[in-house]
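Just below is one structure, and these are the notes that go with it.
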Amino acid sequence: MIFMRKSRLNLFKSTSMLVSIIGIVMIALTIIVVAYVGFSMVSSGLTNDISSGNQYDELAQLKAQYQNLSDKFDKIKSKYYSDKDSSSMDQYNTAKLELTRAQSAIDNVQSALDSGKTSTEVDSRITFAKEQLTKAQDAYKTL
């Protein structure tokens, strides 16, 4: 009987020790997982802030290029409208339409940045705006 009591006591001690060790390991793992998730969120936030800063710079460049091109269009507008030739006015209007499309694409980039779209989404919109601005510049060159 005494032997049985000692073995039950030893079994209880070893079982409670095992449960305590497992509990400590689980707490440690939980702390590690929470720390990793927190670190990932902070580093992701910093990366997004850096990339959005670059995207704002690119947007500013696009706006400057657009304004420069728009000024050029305004300077030659009177030349095409003073001729009263419908083909030259149509040619100017077609080129001006490309400029309007570029403006729309630039506004789309601004909207994506203001609404907090993902970096890849904003980058794709910037690429599209650059393409539209290039088309508008090419249309101006044909005038």
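Any value given below was found using the heavy atoms of this structure, including those in side chains, with hydrogens, waters and symmetry copies removed.
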Between Lys130 and Gln65, does any side-chain donor sit less than 3.5 Å from a side-chain acceptor?
no
Does any N or O in the side chain of Gln55 come within less than 3.5 Å of the main-chain N or O of Ser119, such that one atom is a donor and the other an acceptor?
yes
With heavy-atom distances below 4.5 Å as the criterion, would you say the side chains of Leu99 and Gln103 are in contact?
no
Side-chain heavy-atom pair Ile106, Gln110 within 4.5 angstrom cut-off
no
If you measure from OH on Tyr56 to CG on Leu59, what distance do you get to the nearest 0.5 Å?
8.0 Å
Asn93 side chain vs Met89 backbone, donor-acceptor pair below 3.5 Å:
yes
Cluster link Met17 to Val25, ILVMFWY, side chain under 4.5 Å:
yes
Looking only at non-hydrogen atoms, find the nearest pair between Ala129 and Ala105 and report the distance.
CA-CB, 3.6 Å
Chi angles and distances behind the side chain to side chain contact (heavy atoms under 4.5 Å, CB included) call for Glu98, Gln132:
CA-CA 7 Å; Glu98 290 297 328; Gln132 292 295 8; 4.0 Å; yes
Does the side chain of Asn54 come under 3.5 Å of the side chain of Glu58 through a donor N or O and an acceptor N or O?
no
Within-4.5 Å side-chain heavy-atom neighbours: Tyr66 and Leu62
no
Test salt bridge (Lys or Arg N to Asp or Glu O under 4.0 Å) applied to Asp123 and Lys117, step by step:
CA-CA 10 Å; Asp123 285 339; Lys117 297 281 186 187; over 6 Å; no
Just so I know, are the side chains of Phe128 and Asn108 near enough to count as touching, which here means a heavy-atom distance under 4.5 Å?
no
Could you check if a side-chain atom of Glu121 sits within less than 4.5 angstrom of a side-chain atom of Arg125, using non-hydrogen atoms only?
yes
Would a 4.5 Å heavy-atom cut-off, applied to side chains only, mark Lys72 and Ile76 as touching?
no
How long is the straight-line distance from CD1 of Ile22 back to CG of Leu29, given to the nearest 0.5 Å?
11.5 Å
Are the side chains of Lys96 and Asp74 in touch, meaning some heavy atoms are under 4.5 Å apart?
yes
Which heavy atom in Phe73 sits nearest to a heavy atom in Tyr92, and how many Å separate them?
O-OH, 3.0 Å
Nearest heavy-atom pair of Ala112 and Val122: which atoms, and what distance?
CB-CG2, 3.9 Å
Output the distance between atom OG1 (Thr142) and atom CD (Gln91), rounded to the nearest 0.5 Å.
5.5 Å
ILVMFWY network linking Met26 to Val34, side-chain heavy atoms under 4.5 angstrom
no
Are the side chain of Ser111 and the backbone of Asp107 linked by a donor-acceptor contact shorter than 3.5 Å?
no
